[in-house]
2 protein chains.
Amino acid sequence: MMYTQLSKYITDRVAIGDDQLNVVLSHFKPLMLKKNEVINIIGHPARRMYFVNKGCLRVYFLKVDGNEVTRRFAFENTFSTSLVSFISGEPLTEFTKAIEATELLYISRDDFYRLLDVIPAWEKFYRNYLEFAYVTNTKRLQSFATQDATERYKLLLKENPHYVLRLSNKLVANYLNISQEALSRLKSKI
Amino acid sequence: MMYTQLSKYITDRVAIGDDQLNVVLSHFKPLMLKKNEVINIIGHPARRMYFVNKGCLRVYFLKVDGNEVTRRFAFENTFSTSLVSFISGEPLTEFTKAIEATELLYISRDDFYRLLDVIPAWEKFYRNYLEFAYVTNTKRLQSFATQDATERYKLLLKENPHYVLRLSNKLVANYLNISQEALSRLKSKI
DNA sequence: TAAAAACGTTGATCTGCATCAATAAATCAA
DNA sequence: TTGATTTATTGATGCAGATCAACGTTTTTA
């Protein structure tokens with residue numbers, strides 16, 4: 001059933017009673033996306049937190065020259081939102097697009113924050129999510145600041161080989177913040 | 001008195017009773033640093049969270065070629081720790097050094113986490129801290145991924161002019177992840 | 001307060017990766 | 001299935017910013 005993965009995801013991370021879990025789950029609604037569908041509007045605040053049941057989301061921002069830079073992918077069994085905007089209420093600066101047919105569950109920002117006050121396990125769950133997001137983000141920042149393109153690629157191969165297996169070279173290159181030509185060349189030299 | 005700034009910092013951010021606040025404060029101990037003193041050991045986990053009363057900390061990591069990259073500065077009235085290690089318990093990958101004579105208060109990691117379970121306002125305070133750290137980090141990542149050196153410098157001037165006023169060019173350049181020569185040149189062209 | 005060290009600026013040269021272009025291969029759409 | 005679009009590779013060229021070097025200025029240290 002549609003909520004199986006989400007239930008498991010939550011109960012794997014925090015201790016929560018069945019009744020409380022059901023309250024949480026009751027605020028999630030399904031959403032189906034076609035390939036290449038975009039689910040947010042730049043300039044508006046982020047109003048939803050998504051859970052990926054199936055498929056994959058790509059979160060990216062635009063440079064002034066119009067080029068895209070990938071910030072993050074969200075594969076199956078991960079939460080995704082534009083967290084900066086979700087937290088601060090500031091307008092979004094990044095797009096979220098399905099890179100294949102994707103099945104989501106989402107909760108509204110209002111419901112999400114309301115649950116934090118009502119369900120202590122949810123506050124703990126959120127803290128966990130924030131910590132994980134911070135760690136991931138920082139490691140990515142460190143990689144950009146200290147490694148060249150080849151080193152970043154090797155690190156990706158080591159830490160997240162499924163990225164390279166599942167995504168096109170173009171998307172991998174974009175995630176590494178290099179051109180696809182550069183990725184093609186550095187791969188031929190390894 | 002030494003705890004005035006910290007008290008204000010906390011009560012500005014969360015609602016907390018005097019008794020609970022005093023419990024929190026009682027776990028903080030003072031620490032004085034000389035200029036250029038380093039307060040952590042790479043390879044060990046981060047065991048303390050610091051609050052800067054006076055002075056300034058610089059957090060940086062080393063590239064394989066031995067060059068330093070500044071991750072963050074912590075001026076007066078900010079908390080600082082190597083949060084990835086503090087969260088995960090993994091060994092530290094970054095140094096923290098006082099760039100001038102600095103006066104700190106610190107709480108041990110154990111005490112910090114114990115307070116989370118005992119004092120609900122502290123859990124809220126931590127959530128707040130995590131959110132802020134995430135937002136700052138993400139904006140920095142976005143700046144690196146989408147802007148060239150001149151744009152990054154202009155953004156810094158706009159958002160954090162006191163960085164440029166207070167820090168040497170060498171440190172500003174390092175924070176922007178460019179050489180001091182490059183910073184010198186781009187400044188002369190603005 | 002003198003010697004030493006660190007900092008800031010400018011010039012010359014080098015390099016990693018971007019961009020542009022051409023072509024072949026793979027994928028998509030009707 | 002065929003034509004159209006997108007992707008992957010390889011070559012040629014350009015450029016932002018690194019590195020090395022020289023020199024004057026400021027700061028630190030003894």
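In what follows, every chain begins at residue 1, and chains take the letters A, B, ... in the order their sequences are listed.
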Take atom [atom1] of [X] and atom [atom2] of [N], then tell me their distance rounded to the nearest Å.
{"X": "B:Q180", "N": "D:dC20", "atom1": "CD", "atom2": "P", "answer": "14 Å"}
{"X": "A:N36", "N": "D:dT5", "atom1": "CG", "atom2": "C1'", "answer": "13 Å"}
{"X": "B:E181", "N": "D:dA21", "atom1": "CD", "atom2": "P", "answer": "12 Å"}
{"X": "A:L183", "N": "D:dA8", "atom1": "CG", "atom2": "C1'", "answer": "10 Å"}
{"X": "A:L186", "N": "D:dA8", "atom1": "CG", "atom2": "P", "answer": "14 Å"}
{"X": "A:K189", "N": "D:dT10", "atom1": "NZ", "atom2": "C1'", "answer": "11 Å"}
{"X": "A:D148", "N": "D:dA16", "atom1": "CG", "atom2": "C1'", "answer": "16 Å"}
{"X": "B:D65", "N": "D:dA18", "atom1": "CG", "atom2": "C1'", "answer": "11 Å"}

Under 4.0 Å, counting only non-hydrogen atoms across every strand here, what does [X] touch: a base, just sugar-phosphate, or nothing?
{"X": "A:N67", "value": "sugar-phosphate"}
{"X": "B:S179", "value": "base"}
{"X": "A:N177", "value": "sugar-phosphate"}

Handout entry: Stepwise side-chain contact (heavy atoms from CB on, under 4.5 Å) test for B:V84 and A:Q142
Key = CA-CA 11 Å; B:V84 169; A:Q142 182 159 2; over 6 Å; no
Exercise for the section: Evaluate whether atom CZ of B:F132 has more than 12 neighbouring non-hydrogen atoms of other residues, nucleotides or ligands under 6.0 angstrom away. Expected result: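 At most 12 heavy atoms, drawn from other residues, nucleotides or ligands, come within 6.0 Å of this atom.
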Handout entry: Charged tip of B:R109 within 45° of B:Y113 ring normal and under 6.0 Å
Key =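 No, a cation-pi geometry is absent between B:R109 and B:Y113.
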Handout entry: B:Y175 six-ring face occupied by B:R140 cation (under 6.0 Å, within 45°)
Key =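 Yes; both conditions hold, so B:R140 lies above the ring face of B:Y175.
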Practice task
Could you check B:E68 against B:K97 for salt bridge (charged side-chain N to carboxylate O under 4.0 Å, His left out), going step by step and ending with a plain yes or no?
Solution key: CA-CA 12 Å; B:E68 300 176 354; B:K97 187 194 263 194; 5.0 Å; no
Completion exercise
Here the residues of residues 157-165 of chain A within 4.0 Å heavy-atom distance, strictly under, of DNA chain C are none
Practice task
Given salt bridge (charged side-chain N to carboxylate O under 4.0 Å, His left out), test A:E151 with B:K63 step by step and report yes or no.
Solution key: CA-CA 12 Å; A:E151 290 169 336; B:K63 295 200 238 188; over 6 Å; no
Exercise for the section: Answer yes or no: is there a donor N or O on one side and an acceptor on the other, between the side chain of B:N22 and the main chain of B:D18, under 3.5 Å? Expected result: yes
Practice task
Taking heavy atoms of chain B and a 4.0 Å limit, find me the 5'-most and 3'-most nucleotide of DNA chain C within that range.
Solution key: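 It runs C:dC7 to C:dA12.
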Problem - Aromatic ring pairing B:F79/B:F125, orientation class (parallel under 30°, perpendicular over 60°, tilted between) - result: perpendicular
Practice task
Fit a plane to each ring of A:Y126 and A:F112, take the angle between them on a 0 to 90° scale, and name the class: parallel (under 30°), tilted (30 to 60°) or perpendicular (over 60°).
Solution key: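 Correct class here is perpendicular.
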Problem - B:K189/B:T150 under side-chain contact (heavy atoms from CB on, under 4.5 Å): CA gap, chis, key distance, verdict - result: CA-CA 9 Å; B:K189 278 186 201 141; B:T150 305; over 6 Å; no
Exercise for the section: Quantify the bending of the helix from C:dT1-D:dA30 to C:dA30-D:dT1 as the angle between its end axes, each fitted on five pairs, to 10°. Expected result: 70°
Practice task
Would you mind checking if A:E100 and A:R166 are paired as a salt bridge, meaning a charged N to carboxylate O distance below 4.0 Å?
Solution key: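 Salt bridge present between A:R166 and A:E100.
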Problem - Heavy-atom side-chain contact between B:F51 and B:N77 under 4.5 Å - result: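 Heavy-atom side-chain distance check passes, below 4.5 Å.
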Handout entry: Side-chain N or O of A:K187 closer than 4.0 Å to phosphate OP1/OP2 of D:dA8
Key =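 Looking at the OP1 and OP2 atoms of D:dA8, neither is under 4.0 Å from any side-chain N or O of A:K187.
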